[in-house]
> 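What follows is a structure written as structure tokens; I'll ask about it next.
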Amino acid sequence: MRLTKPTLFTNIPVTCEERDLPGNLFNQLMKDDPSTVKGAETLMLGEMLTLPQNFGNIFLGETFSSYISVHNDSNQVVKDILVKADLQTSSQRLNLSASSAAVAELKPDCCIDDVIHHEVKEIGTHILVCAVSYTTQTGEKMYFRKFFKFQVLKPLDVKTKFYNAETDEVFLEAQIQNITTSPMFMEKVSLEPSMMYNVAELNTVDTAGESESTFGARTYLQPMDTRQYLYCLKPKQEFAEKAGVIKGVTVIGKLDIVWKTNLGERGRLQTSQLQRMAPGYGDVRLSLETIPDTVNLEEPFDITCKITNCSSERTMDLVLEMCNTNSIHWCGVSGRQLGKLHPSSSLHLALTLLSSVQGLQSVSGLRLTDTFLKRTYEYDDIAQVCVVSSEIKQS
């Protein structure tokens, strides 16, 4: 017999107004009903519990518990009784018996009881195989088996999306949908990052100095409802400084999801290691460290660039050229030497420019030339800046 939590007993309240023909009859019947809540008889939920009427559904991540009883229906004493319980899945066979020792004897009308537990980690068909062997009074060895077949269903549908920021940060959006037929209380949804990243959860807001969940105080997930969780991952300092480390497919981490259902039954799922394709930056990467959001028209402003040699073997000798566009004009000497840049190293470069056109303008026109290979790298649309008239900004 499967061991599950009971359910709350529900009844259908039937009532009417006192001026109707039944008068107060229905209300009095509900008050006399032992299953109703005194003082709140019109509530469907009562104070009684209902024992499970069938096997029910079992979902991935829950704990399967079963009660096994071997009863001696004969009028003879049997000896050397060995009870074995195995769980057969599509990929493996697991022994769930608490003890492998045989019971010396079993008298008539007596039984051997055992309770087994197993955290379900596979979906699909599962078969509980209960095997019993014993010896009769005449010394004959007997053996029989019973099979109990059940399906393990998928409780949640998890989808993930990655967003790569220019600052090496990675934003992970996890969409979690309840695909069962009953509500879930989401106890915990966390991201366990890999050794390369630190993680910050973006699922809370600060209100009056206290952190509150963006989903409210009661984190229930109704059937077929979907909830989105957001996380920000930043490379650890030792990895961020090495330009060649975060390339290609990198492991981000795994999601750990814990929920509770009927009367506190707990379930837990861990996803496999989430992977993302790191964006390719070629041999040389140019990124912006600082840039103002808003600047005045025809007034110089400063930006800070970071130039990184993404090659793991080759030293570069770089020359910087600054090409004006219709709206962006660079201040300074174009064609200056930046010097040698060793593999996986970077340098910071402060530049000054101004805009001659109002509106949202794109910063473009930087060129880096590697004198060793005579190769030029072009960088356009590096960032956007809002250019306003000086009178507008002062007002």
> List the residues meeting side-chain hydrogen bond (donor to acceptor under 3.5 Å, both in side chains) with R375, not counting sequence neighbours, and say none if there are none.
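R375 satisfies side-chain hydrogen bond (donor to acceptor under 3.5 Å, both in side chains) with D283 once adjacent residues are dropped.
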> Could you go through V170 and R276, starting from their C-alpha distance and side-chain angles, then the distance that decides it, and tell me whether this counts as side chain to side chain contact (heavy atoms under 4.5 Å, CB included)?
CA-CA 9 Å; V170 181; R276 65 118 189 185; 3.4 Å; yes
> On a heavy-atom basis, which atom in R2 and which in N57 lie closest, and how many Å separate them?
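For R2 and N57, the tightest heavy-atom pair comes out as NH1-O, 3.3 Å.
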> Side chains of N203 and T214: donor-acceptor distance under 3.5 Å anywhere?
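On atom types as modelled, these side chains do not qualify, holding no pair under 3.5 Å.
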> Indicate yes or no for a side-chain donor-acceptor contact from Q358 to the backbone of S389 under 3.5 Å, with no hydrogens or angles considered.
yes
> Looking at CD of Q92 and OG of S90, how far apart are the two atoms once the value is rounded to the nearest 0.5 Å?
8.5 Å
> To the nearest 0.5 Å, how far apart are CG in L172 and OH in Y229?
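Rounded to the nearest 0.5 Å, the CG-OH separation comes to 13.0 Å.
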> Quick check: closest heavy atoms across N178 and S182, and the distance to 0.1 Å?
ND2-O, 3.0 Å
> Does Q384 offer a backbone N or O that forms a donor-acceptor pair with the side chain of S362 under 3.5 Å?
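No, S362 side chain to Q384 backbone: no donor-acceptor pair under 3.5 Å.
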> Check side chain to side chain contact (heavy atoms under 4.5 Å, CB included) between L338 and all other residues, then give those that pass, not counting sequence neighbours.
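Testing L338 for side chain to side chain contact (heavy atoms under 4.5 Å, CB included), a comparison that skips the adjacent residues, returns I307, L318, L320, L349, L368.
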> Which residues pass the ring pair (Phe, Tyr, Trp, His ring centres under 6.0 Å) test with Y220, sequence neighbours left out?
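Expected list: F185.
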> Identify, with sequence neighbours excluded, every residue that meets ring pair (Phe, Tyr, Trp, His ring centres under 6.0 Å) alongside Y67.
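Ring pair (Phe, Tyr, Trp, His ring centres under 6.0 Å) list for Y67, sorted by chain: empty.
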> Is there a path of hydrophobic side-chain contacts, each under 4.5 Å between heavy atoms of I/L/V/M/F/W/Y residues, joining Y231 to F162?
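Yes, it is one cluster - the side chains of F162 and Y231 are joined through contacts under 4.5 Å.
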> Can you name the side chain to side chain contact (heavy atoms under 4.5 Å, CB included) partners of C323, sequence neighbours left out?
R367
> Mind checking the CH2-CZ spacing from W259 to R268? Nearest 0.5 Å is all I need.
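Answer rounded to 0.5 Å: 10.5 Å.
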> Among all residues two or more places apart in sequence or in another chain, which pass the side chain to side chain contact (heavy atoms under 4.5 Å, CB included) test with Q175?
K159, K161, E173, T226, Q228
> Look at the side-chain heavy atoms of Ile, Leu, Val, Met, Phe, Trp and Tyr, link any pair under 4.5 Å apart, and say whether L82 and V78 land in one connected group.
no
> Could you tell me the separation between the CE atom of M184 and the CD atom of Q222, rounded to the nearest 0.5 Å?
11.5 Å
> Could you list the residues that satisfy salt bridge (charged side-chain N to carboxylate O under 4.0 Å, His left out) with D86, not counting sequence neighbours?
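Residues passing salt bridge (charged side-chain N to carboxylate O under 4.0 Å, His left out) with D86: K84, R93.
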> Flag yes if more than 12 heavy atoms outside N326 fall under 6.0 Å of its CG atom; otherwise flag no.
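Atom CG in N326 is not crowded, with 12 or fewer foreign heavy atoms closer than 6.0 Å.
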> Checking E212 now: which residues fulfil salt bridge (charged side-chain N to carboxylate O under 4.0 Å, His left out) with it, not counting sequence neighbours?
none
> List the atom of P235, the atom of Y197, and the distance in Å for their closest heavy-atom pair.
N-CD2, 3.7 Å
> Using 0.5 Å steps for rounding, measure from the OG atom of S74 to the CD atom of Q137.
8.0 Å
> So which pairs with a foot in residues 132-147 pass salt bridge (charged side-chain N to carboxylate O under 4.0 Å, His left out), sequence neighbours left out?
none
> Scan residues 124-134 for pairs that pass side-chain hydrogen bond (donor to acceptor under 3.5 Å, both in side chains), counting only residues two or more places apart or in two chains.
T125-Q151
> Please evaluate residues N309 and S345 with respect to the criterion side chain to side chain donor-acceptor pair (under 3.5 Å), reporting the C-alpha separation (whole Å), side-chain torsions for both, the decisive distance (0.1 Å), and the verdict.
CA-CA 6 Å; N309 182 356; S345 61; 5.4 Å; no
> Which heavy atom of V120 sits nearest a heavy atom of L60, and at what distance?
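So the two residues come closest at O-CD1, 3.8 Å.
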> Carefully, step by step, assess E105 and K79 under the rule salt bridge (Lys or Arg N to Asp or Glu O under 4.0 Å).
CA-CA 4 Å; E105 66 175 24; K79 298 180 179 180; 5.8 Å; no
> State whether the number of non-hydrogen atoms from other residues, nucleotides or ligands found under 6.0 Å of E313 atom CD is greater than 12.
no
> Would you check if there is a donor-acceptor pair between the side chains of E321 and S334 at a distance under 3.5 Å?
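No donor-acceptor contact under 3.5 Å links the two side chains.
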> Check for a donor-acceptor pair, side chain of N72 on one end and backbone N or O of K107 on the other, with a separation under 3.5 Å.
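Side chain of N72 to backbone of K107, a donor-acceptor pair under 3.5 Å: yes, one is there.
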> Roughly how far apart are K236 NZ and S194 OG, rounded to 0.5 Å?
8.0 Å
> Does a donor on one side chain and an acceptor on the other come within less than 3.5 Å for S65 and H117?
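Yes, H117 and S65 have a side-chain donor paired with an acceptor closer than 3.5 Å.
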> Do L288 and Y377 sit in the same hydrophobic cluster, where Ile, Leu, Val, Met, Phe, Trp and Tyr count as joined when their side-chain heavy atoms come under 4.5 Å apart?
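Yes.
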> Under the rule for side-chain hydrogen bond (donor to acceptor under 3.5 Å, both in side chains), what residues qualify as partners of K149, not counting sequence neighbours?
none
> For residues L156 and V258: do they belong to one hydrophobic cluster (side chain heavy atoms under 4.5 Å, members Ile, Leu, Val, Met, Phe, Trp, Tyr)?
no
> Just by distance, no angles: are the side chains of E299 and N296 close enough, under 3.5 Å, to form a donor-acceptor pair?
yes
> Minimum heavy-atom separation for C130 and F148, please, with both atom names.
SG-CE1, 4.0 Å
> Closest approach of I303 and P292, non-hydrogen atoms and distance?
CG2-CD, 4.4 Å
> Between I328, L360, L297, which is the residue that forms a side-chain contact (heavy atoms from CB on, under 4.5 Å) with V387?
L297
> Is there a path of hydrophobic side-chain contacts, each under 4.5 Å between heavy atoms of I, L, V, M, F, W or Y residues, that connects V70 with Y143?
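No; tracing contacts between hydrophobic side chains, which count when under 4.5 Å, never links both residues.
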> Quick one about S69 and D113 (side-chain donor to acceptor, distance below 3.5 Å, no hydrogens or angles considered), yes or no?
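A donor-acceptor contact under 3.5 Å links the two side chains.
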> Output, in order, the C-alpha distance, side-chain angles, deciding distance and verdict of salt bridge (Lys or Arg N to Asp or Glu O under 4.0 Å) for E187 and R266.
CA-CA 9 Å; E187 185 175 283; R266 194 168 180 265; 3.8 Å; yes
> Under 3.5 Å, is there a donor-acceptor pair linking the side chains of T369 and T376?
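Yes, because at least one side-chain N or O of T369 sits under 3.5 Å from a partner of the opposite role on T376.
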> Among residues at least two apart in sequence or on other chains, which ones pass salt bridge (charged side-chain N to carboxylate O under 4.0 Å, His left out) with K340?
none
> Test side chain to side chain contact (heavy atoms under 4.5 Å, CB included) on C386 and V388; report intermediate values, then the result.
CA-CA 6 Å; C386 183; V388 298; 4.0 Å; yes
> Hey, are E298 and S356 close enough side-chain-wise for a donor-acceptor pair under 3.5 Å?
no
> Taking side-chain contact (heavy atoms from CB on, under 4.5 Å) as the criterion, tell me which of L354, T352, V363 meets it with W330.
V363
> Please report the C-alpha distance between L128 and I116 in whole Å, then the side-chain angles of each, then the deciding distance to 0.1 Å, and finally whether the side chain to side chain contact (heavy atoms under 4.5 Å, CB included) criterion is met.
CA-CA 11 Å; L128 181 63; I116 59 174; 3.8 Å; yes
> Take I81 and V132 through the test side chain to side chain contact (heavy atoms under 4.5 Å, CB included) and record every step on the way to the result.
CA-CA 7 Å; I81 304 97; V132 180; 4.2 Å; yes
